There are 2 protein chains.
Amino acid sequence: MPAAKRKETTAHVHSPAIEDYLEQIHNLIEGKGYARVVDIAKNLGISQASVTNMIQRLDAEGYVVYERYRGVIMTESGKKIGQEIARRHEVLTRLLSGFGLDPKTVHEDVEGMEHHISRQTLDVLTLLMEELEGNPELLKKLKKRLKSSS
Amino acid sequence: MPAAKRKETTAHVHSPAIEDYLEQIHNLIEGKGYARVVDIAKNLGISQASVTNMIQRLDAEGYVVYERYRGVIMTESGKKIGQEIARRHEVLTRLLSGFGLDPKTVHEDVEGMEHHISRQTLDVLTLLMEELEGNPELLKKLKKRLKSSS
DNA sequence: TAGCAAAGTTAGCCCAGCCTAAAATGTACT
DNA sequence: AGTACATTTTAGGCTGGGCTAACTTTGCTA
Ligand SMILES: [Mn+2]
Ligand SMILES: [Mn+2]
Ligand SMILES: [Mn+2]
Ligand SMILES: [Mn+2]
């Protein structure tokens, strides 16, 4: 493979589905200490059978360690991805929520967008979020403009 | 179906794939007057066979009118979606490009994000884009902060 | 006007990621 | 210990959206 054709940074890219599973497992472990199939399924709105199936793939690919009927823990590489997605989720949510959008709409948009944000774009969005959170004057001005145009 | 469960605005939602096709067909017709299978395939980076196949689906679902070997035109409903996606693409691109990000990275992110943006979120992003384009001081300040953190 | 290259189409295939139904395992209570 | 219920897993199936190989059609040009 010619060097020119290689992805710089060995850009392991995962499907949105895989990212959603790892994000959920990460959040559950963070929040209650463990991640059960039934809760993952509930949070993602899919069947338990689908969750079991994916967990086996995640184990095979080294993102979690899985023991039949016993539960799942995350490997370092799995944790890294889960955290990364949770971070994007948070930045997007805070940015959009600042403008007073309907929380449900925010969540739907965030849940999709979070899988398509490079490091550079994340930096930009973080910057905008910070500026708006630290500069209420600006936010207020923009929100007014937003309302007048709706 | 109870009214409370219905999506307001009859939110017909399409797959990212369908949106990409309609966006491309729209752009090609806008730019050169017609959209050929070979060009759609090239722009989307997929095979001509896949394009033919999808065009037949788009015809069946009323987004385009398709005549074998002769070409494709868009229906009103197809045009509406194509335009909508092109609009999201443009807003995202202008917003991110303003910060001087690598154009290729911008394009990759935009190509994914454009499918997950509600009307309300588009309004917010449009607002941010306009503010930054009309307020170079602010943009400059933010870009400086961006560079110092990288 | 006949041939040829480019464009378009069809046929047959594959994989990710979901589903339901049924079976297996775990747990809590009597 | 036995039994009921919850949880997890397996088996089998389906759809969307891609692929290659082989074909047909179109349109240009010798
Ligand atoms: Mn998501
Ligand atoms: Mn998320
Ligand atoms: Mn796209
Ligand atoms: Mn696009």
Side-chain angles (χ1 to χ4, degrees), chain A residues 11-25 28-29 32-74 78 81-82 85 108 111-112 114-116, chain B residues 12-25 28-29 31-74 78 81-82 85 108 111-112 114-116:
Chain A
H12 262 229
V13 76
H14 332 86
S15 68
I18 285 182
E19 293 186 346
D20 279 336
Y21 280 97
L22 291 174
E23 180 192 12
Q24 274 314 310
I25 294 170
L28 283 167
I29 290 179
K32 29 195 320 193
Y34 53 86
R36 300 200 327 224
V37 169
V38 67
D39 294 321
I40 299 169
K42 213 159 286 171
N43 291 357
L44 293 178
I46 62 187
S47 74
Q48 295 179 206
S50 297
V51 172
T52 294
N53 193 56
M54 177 62 91
I55 283 179
Q56 288 167 0
R57 264 183 64 197
L58 295 177
D59 176 284
E61 294 175 24
Y63 297 124
V64 304
V65 177
Y66 158 72
E67 208 169 341
R68 273 227 243 59
Y69 292 103
R70 300 299 284 176
V72 59
I73 65 175
M74 305 189 85
I81 297 168
I85 304 301
E108 284 172 5
E111 212 44 58
E114 67 187 358
H115 310 289
H116 306 279
Chain B
H12 265 226
V13 76
H14 333 86
S15 68
I18 284 182
E19 292 185 348
D20 279 335
Y21 280 97
L22 292 174
E23 180 191 14
Q24 274 314 311
I25 295 169
L28 283 167
I29 289 178
K32 30 194 322 192
Y34 53 89
R36 298 158 60 93
V37 168
V38 68
D39 294 321
I40 300 168
K42 212 159 287 174
N43 290 357
L44 293 179
I46 62 187
S47 74
Q48 294 181 206
S50 297
V51 172
T52 294
N53 193 56
M54 178 61 90
I55 284 178
Q56 289 168 0
R57 265 183 65 197
L58 295 177
D59 176 284
E61 294 176 22
Y63 297 125
V64 305
V65 177
Y66 159 73
E67 208 169 340
R68 272 228 241 60
Y69 294 104
R70 298 301 283 178
V72 60
I73 64 174
M74 305 188 85
I81 297 169
I85 304 300
E108 284 173 5
E111 211 45 57
E114 66 187 359
H115 309 289
H116 306 279

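Bear in mind that the values here come from a model prediction, so they are computed numbers and not experimental data.
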Tell me, do A:R57 and A:Y21 make a side-chain contact under 4.5 Å, heavy atoms counted? no
Is the phosphate of C:dG8, meaning OP1 or OP2, less than 4.0 Å from a side-chain N or O of B:Y66? no
Length of the line joining B:E67:CD and C:dG8:P, which is rounded to integer Å: 14 Å
Just wondering, do A:R36 and A:L28 contact through their side chains at under 4.5 Å, heavy atoms? no
Within the structure, does a side-chain N or O atom of B:Y69 lie under 4.0 Å from either OP1 or OP2 of C:dT10? no
Expected list for residues 46-54 of chain B near DNA chain C, using heavy atoms below 4.0 Å, is B:Q48, B:A49, B:T52
Just the rounded figure in Å: distance from C1' of D:dT15 to CD1 of B:I18. 12 Å
To the nearest Å, give me how far apart CG (B:L22) and C1' (D:dG17) are. 15 Å
Looking at every heavy atom in both B:V37 and B:I55, which two are closest together, and how far apart are they? CG2-CD1, 4.0 Å
CD of A:Q56 versus P of D:dT9: gap in Å, rounded? 7 Å
Whole-Å gap separating C1' (D:dT25) and CZ (B:R36): 13 Å
Atom pair distance, as rounded to whole Å: NE2 in B:H115 and P in D:dG17: 12 Å
Taking all non-hydrogen atoms of both residues, which atom of A:E111 and which atom of A:E23 are closest, and how far apart? OE2-OE1, 3.4 Å
Spacing between B:R68 atom CZ and D:dT24 atom C1', to the nearest angstrom: 10 Å
Taking atom P of D:dG17 as reference, at what distance in whole Å does atom CD1 of B:I55 sit? 15 Å
d(A:I46 CD1, A:M54 CE) to nearest 0.5 Å is 7.5 Å
In short, A:L22 meets A:M74 closest at the heavy-atom pair O-CE, 3.6 Å
